Amino acid sequence: MNAPAKRIGDVLLKVENISLSFGAVKAINDVSFEINEHEILAIIGPNGAGKSSMLNCINGFYHPQEGTVTYKGIKRHDVDPHDAAARGIARTFQNIALFKGMTTLDNIMTGRNLKMTRGLFWQALWAGPAVAEEMAHRRKVEDIIDFLEIQSVRKVPVGRLPYGLQKRVELGRALAAEPTLLLLDEPMAGMNLEEKQDMCRFILDVNDEFGTTICLIEHDMGVVMDISDRVVVLDYGRKIADGTPDAVRKDQTVIDAYLGVQH
Amino acid sequence: MLYREAGQFKTNYQSDQQVFPITQDRWSVLAIVVAAFTLVPYFASDYLIISILNPFLILAIAAIGLNFLVGYCGQISLGSGAFMAIGAYAAYNFATRVPGLNLLIIFILAGGTSALVGILFGIPSLRIKGFYLAVATLAAQFLFEWMFLRVKWFTNYSPSGSVVAPPLEIFGLSITTPGAKYYLVLSIAVVVALIAKNLTRGHIGRSWMAIRDMDIAAEIIGIRPLQAKLSAFAVSSFFIGIAGALWAFVFLGSWEPLAFDINRSFQLLFMIIIGGLGSILGCFLGAAFIMILPIFLNQAPALFGIRLSTETVSHLEFIIFGVLIVFFLIAEPHGLARLWSIGKEKLRIWPFPH
Amino acid sequence: MGFFLEVLIGGLLVGVLYSLVALGFVLIFKASGVFNFAQGAMVLLAALCLVRLIEWLPKWLPALQNPALVVFLAAVLSCALMVLVAMAIERFVLRPLVNQEGIILFMATLGVTYFIEGAGQSVFGSNVYTLNVGIPKDPVFLFEGLFEGGVLVNEFDIWAAVAAGLMVVVLALFFQYTRTGRALRAVADDHQAAQSVGIPLNRIWVIVWTVAGLVALVAGAVWGSKLSVQFSISLLALKALPVLILGGFTSVPGAIIGGLIIGAGEKLSEVFIGPFVGGGIEIWFAYGLALVFLLFRPQGLFGEKIIERV
Amino acid sequence: MANDAAKSDDTFPKLLIRNASRFGARPAYREKEYGIWQTYDWAESLANVRAIACGLAALGAKRGDKIALIGDNRPRLYWTIAAIQAIGGIAVPVYQDSVAEEVQYVLDHAEVGIAYAEDQEQVDKLLGNMARCPKLKTVIYEDGRGMRHYDQPFLFSLAKVEELGRKYEAEHPGFFDAEVAKGKGADISVIPYTSGTTGRPKGVMLSFDNMIETSRRSVAFDKLSENEDILAYLPPAWIGQHYFSFGQAMVAGFCVNCPESGATVQTDLKEIGPTFYFAPPRVWEGLLTQVMVRIEDASWLKRKMFAYFIDHARRVGLGILEGRSVGLLDRALYALGELLVYGPLKNVLGLSRVRIAYTAGEALGPDIFNFYRAIGINLKQLYGQTESTVYLTIQSDGDVRGDTVGPPAPDMEVRIDEAGEVLYRGPGVFVGYYKNDEATRSTKTADGWVHTGDAGVFTTDGHLKIIDRVKDVGRLKNGALFAPKYIENKLKFFPFILEAVAHGADQDAVAAFINIDLNAVGNWAERQGISYSSYQDLASKPEVYGLIRGNIEQVNRDLAQDPDLAGSQIKRFLILHKELDPDDGEITRTRKVRRNVVAERYAPLIEALYSDKKEIDVQAKVTFEDGRTGTIKARLHLGDAATFPAAMKKAG
C-alpha cells in the first residue's frame, strides 16, 4: 500500500540571511531556507555546524544579529519564544528538557497550558468551568498517550523512565500543543534500532495524521533519507546544500563536508 | 496492609484525578478532620489548644503559603516573616479604621494587601534567580520590619509600636474561649489546605512546577514566566498574610514588629524543608515538627530527672535544631512527606518489599 | 565639606570590615559552590573563643602574664579550633551532600549556623565580653592641612582596614599563584572534573573551610573589639549579603569594592537621608542598594555572566 | 424453566432484549481505554447491536451465513457476535494470535463470507488470505489506526457498518425484531474451532440450547447474579472465555470488563477486582511462583511472618473456608493472618473480591490448589471440553478436593466404559463437527453418548479423576500402567519445572524431557551464586541437574505410594536446551504438549535416554520471534534418578 503523493502546501516558514554569533564565534553565517506546509525537512551537518542554534533562532530562544524569520506570513527580527509557542511552534530538545518533578501525564498536560485559561478563582474552588476544562484537556492528552503507546507509564514520574520513553514523553508534550510546526532536535539520539523505528513511525504518523510540518535535526543518514522530503545541509554555520535527499546525497560539497576535506 | 484497592476502578476523569483516589485514604483523612472538629476540642486541655494546636494550625497555613513559592514554584523567599507582619498590621488597620467589617472579610483583605506587596517584591524574580532572589526577599523583610517600627501611621501612633487586637467576633459570636479560637483557625486551615490542593493540581500548579523544574523549557512551551512567578508570589503572600493576621489576632492578642522578624522567616523555611518541599501534607508535618520539638526539648530533661538552666535548654534547642536540619537534608531531602509517602507505598504493596 | 568627608571615610573603613566578612563567603562559594550562611556564626565562634581564652589562659597557666603573649597564644588556639570546626563541617555536612543542588547545601549551612550558635554559646558562655587585642582606639586627626579641623577618625578603624587589606592581598596571591590556590579554583568550577584530574576534593574542602575560619577569626577579632563580643555579631552575615550581591559571589576584589560601597552608602544614607524618614534606615538601605544594582547586572560587578544553555 | 418462557429467550439476541428492558442502565460492558473504564449499559449495548445487525444485513448477510471474528476482548466484538446471531448468522471466533495460514484454514473450511478484524494487524492477515479464501467478500475493522491509505472497496469500519445499519433500519422498520423473533433454540449459535492436539482443528457446532441451557444451570449452580464483575482476558476464540463472557453474561446479566491490552492485564485485574474469576492452571502456577520469588527479597521479619501465617493457613484455612468447626484460638490467629498476610496478598493480586474461582483444562498441583483455598480464595476444579459446552464435571462449594475434577454437572450423565474412557450425555452435547460427519460419528454414539478421549476413574465419593488422554495411556514392557500426563503434571507441580514430556509406552522404564522455568530457576541460581548467560547455559548446569533430580525423586516417592502407578517411576531424564514453543508447533496455543511432534523431532534424544550414554550432542531448528529460523548446537547431559520400592497394595 504505497501512500498517495503527499500534498505539500505553500511556504509556512521562511528564514532569510540569519547570522548568529556568540562573541567572536560565528555560529550561523547568512543562512536562508524555507519550510513548506506538511513537509518533513531535515537539517543535517557535522557537529558544531549550527543546527541546534538555527532551531533556537526559529523559536526565539536565541536572537540572531542579522536576518529575519517569517512564520505564517509575519516577518520577525526578534522572535519571542512565548509568541512563537502561541502561534503553533512546538519543539523537543537535544538533551531532554522534561519536568523531573512531575509524572508523564502532568508533563504532557503542561504542553497544553496555552489552551487552558481558567483563572485562579475557579481553580481554587475546583468547580464548574475549571474542572470541565481540565477534563476536556485530559481527554485530548489521553489521545496522545494512546498514539505514542505510553499508557503503562502514565502515572510514573518522568525521572524514572528509560531514555527512549523520555524522548517519547517529550514528543508527547510538544504534540499536546497541537503545533503546526514541530521542531525536533535529534529525536533519535542514543536510541537502539527498535526505538528508532518506533520514533520514525510516530514522526511519519504525526505528519500524516495531523498534517504537522516537521523540521528535524538528525545524524543517522538512513533515517534522514527515509523519512524527510527535503534536506538542508549546514557546515561551519553556512548552508552548503538544500534539496531532495537523493540530490543532497550526490552533492560533492556535502560529501567533502562530511569527509572533512579542508576548506 | 490496611489498603484494599482491588475493585476501586475509575470510570471518569474527575474521579481519576480527585485529591484522594484511594477510598482508604479518603476515609482516613475524613476521619482525621471529623476528629479534629469533634474529639480534639472535647478532650484537649486549654493549654494544649492555646499554646500548641492553634499556633500549629496558623503556622501550617503560613507554611502552605510559603510552599507555593519555594516548594511548587522554586523561588526561594526569606521574607515570609515580613509578609506575615503585613497581614497582621493590614488586618489591624482594617479593623480599627473601618468599623463593623466582618472578621473574615478583614482576614481576606489582609491577605489581599500582603498579596499586592508580594507581587511587588516578586518582580525582581523575573531577572534574578536562586540566592540573589533570596536577598531581594530579605530586603523586604528588613524594609517592613523597619517600616512597622518607624512609620507611626501603621500602628495608629501607639507609643511603643505594639498594638492590641480588637475583640474578635464573627456573625455575632464572640471568639474568646480557646475552643472558639480553635474552631476558627481549624476551619480556615481546612479551607486553605483544600484550596491549596486544588491550585496545585490544576494547570496553574503545573505551570509553577514547570518553572521550578526547568524554567527555560517552560518558557519555550508557552508558559509566561511573569504570570507564573507573580501569581505564585501573590498566592503565597495571600495565605501568609492571612496566617499573619490569625497569628496576631488569635494567638498573640497584642504584638509588635519583633514578632515577625527574620527568625520567623527561617522558622517557616525550616518547616517546609523538613516537612517536604512541594507537598501540602508536608506543611502540616513540618509545622507540627517545628512546634513540638522545642516543647519536647523543654519537657525531656524533666522526664529524665536532670535539671537544666533555661539558658542551656535554649542552647540545646539551637544545637539539636541545627543537627536535625542537616540530618534531614542528608537522609531525605524531600522531607517527612517523602518518608510518609514511602511508608504508604510499602503498605500498599504489603507483604512484598518496596 | 569636611563633615561629609569624615562620614565618607568612616563609612569606607566600616566597609572594609564588611568585606572582611564577605571574603569568608566568597572563599567558600568560590571553592565549593556553597553559599555558606554559617560564616556569621563562625565569626561569632572565633570571637567568643578568642575573648574567653584571653580571660582563661592567665588563670590556667599562671606563668603566662605578658598580655601580648596571651593574645598570641589565644589566637593560635582559636585557629586550631577553627580548623577542627572546618574538618567537622566537611566530614559530616558536605561529604554526604556532595553534588546536591545549591539550595539544599544553602539550607544545610542554615542548620550549621544554628548548631555553631548553640554550641559556641553553651561552651563559651553567652553574655557580652569586651575584647582588647591591643589595637589602640584613641581618635586621631588626619589631613589637618587640608581642612580646618581635619577629619576625626578612630585610629582603630585604620588598623582594622590595614589588617583587612593585608588579608586580601595574601588571599589574592594565594588564589592566583600557589598550587593549592589553582586547585581551589578548579574545584569551584566543576567538582567532578577536578576529581577526575586527581584533586583530592575532601582535603581541598577542609583547606577552604579552614582559611574561611581564619578569615572569620580576624573578622571576629576586629568586630569583637569594635562592638565587643556578643550574639548580634552573628547577624553580620546578613550585613555581608548585600556586599556579595554587589561584588558578585565569586570574586575577591568584588567583595572588597562591594564592601566599600555598602559601608559608605550606609553611613552616608544614615547621616543625610535617615533623619527625614525616621532614622535607622541603614538596616535595609544596603539591601535596597544591592537590589537596584542587581536589576541591572544580575551577576553583580565581577561575577561571571550567567549563560543558559538548552 | 417454564416452557413458554423458553420461547421468549431461547437465543442470545432475545436475552439481550430482555436484559436491556430488565437491567437498562446497569453496566453490561466496560473497557479500559484512554486511562479510565469506558462503561456501556445494557440499553446502549442493544442499540449498538441493533445498528450492527442491520448494517450486516445491508452488506448482504443472510440467515445461516458464517461470519468470522478475529480480535481481542472488546465490547464491540461481543456486540458483533450478538448482531450476527440476531440476523440468524453463525459466529466463528478465531484465535487472534494464530498465524496467517491457521486463519486461512478456518476461514476457508467454515466458508466465511464476512470477517470482523479488530485492527490493522488482523486486517493484514485477512487481506493476505483473500486470494485463498474465495468466499470471503467483506472485511470489517474496529480500530482504523494506520489504515488511512487502505482504499479497498470491501473494507468497512464498524462505525460505517453501524451507519449503514441505522439507514437500513429506517428503510426496513421492524426488520431487526422480526429477524430476532425467527431465531430458535436449535439454531447453531457459534462454531468454535478446537486447537486440536492431533491433526487439523475441527469446528464444533454449538446451538443456542447448548449454550443457554448449560449457562442457566451453571448460573443457578454458582448463584451468579447481575452484580458480578468478570475480567475477560483469555482469547475470545477459546470456548471457556466465550462461555463466561457471552453465555453466562447474557443469562445472568453481569458486567464483562475488557482490559486495555495484553500487557496491562495484571493491573486491570487489580483495578476491577472481579467477583467471578477463571484461570487456566499455568496462570495459577505463575502467580504462586511470582509470589514466592518476590517474598524472597522481603526483609527477614516479613519473610518470617509470611511463612508462619501461610503455614497456619495451610493447617486451618481449608477448614474455615468450608465452614468446618475450627478451634477458637486458630480462628483468631487466622483472623490476624487475614489482616496481616492473606488480605493484603489477595489485594495485591487483585483477588480480594473473588467469590468463586475456577481452574480447568489441565491438572493443577494439589499444594498450589490448596494454597489459594487456604488464604481464602474459593478455588474449585471443573472439567469439560468444547464438545460439552464447557461444564462436564464441577465441584460445589462444600465438596472441593485438589486431586479430582468433581461430580458430574447438573443434568449431565457421566460413565466410564470398559476401556477406561470417560463418556457423557446431557444438554451441553454439541450438535456435531461442521462438515466432518465422519468425525462426528466416531465421537457421538447413536444414543447420544460422547467420547471424551480422556481416561478416568470415579473415586469412592463420586468424584471423577482424570488420568490421561486415552490414546496416550500405554503399558510398559513389564505391563505396568503408563499415564504420561499424570506423571508430567506431578513434575510440573514443582515451581522449577515449566514443562515435562514423559516417554515409556512399550519401553522397559520411564524417561522424561524437562523444560526448566527460567524465572524460578534463574532466581534460585542467583541465590546460590551460580552465574549463567542464557537459558541454554542455565539448563546445562550440573547444579540445576541436581535440583531437578531432587524434584524427580520426590515424584518417584509419590508414585511409589500408588500401587498400579509404582512401576512408572522415572529412571532417566534430560533438561532440554530450549523451551517447547507454540511457534515451533511443539505445544498448542494453550500450552498442551503435542506428543507426536515432540516424539518425532527429538527421536535421537529419546533413543539416547534408553541407551547408557551419559551425554549427547544435539542440533535443533528454532524459529525466532520475528519468524526467522536458526539452529542451536548443544551438549545435553543424561541424568539418572533413584526409584523406590512400591508400597503394599492398599485395601479397597
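Predicted model only: the values in this text are computed from it and were never measured. Proteins get letters first, then strands, A, B, ... in listed order; numbering begins at 1 in each.
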Distance (rounded to the nearest 0.5 Å) between D:Glu33 CD and A:Asp146 CG: 6.0 Å
Within 6.0 Å of CZ in A:Arg160, more than 12 heavy atoms from elsewhere: no
Nearest-0.5 Å distance, CD1 of residue D:Ile36 to CE of residue A:Met135: 10.0 Å
A:Lys72 atom NZ, over 12 foreign heavy atoms within 6.0 Å: yes
Working for side-chain contact (heavy atoms from CB on, under 4.5 Å), residues A:Arg138 and D:Tyr34: CA-CA 9 Å; A:Arg138 165 76 190 265; D:Tyr34 302 127; over 6 Å; no
Neighbour count >12 (heavy atoms, 6.0 Å) for atom NZ, D:Lys302: yes
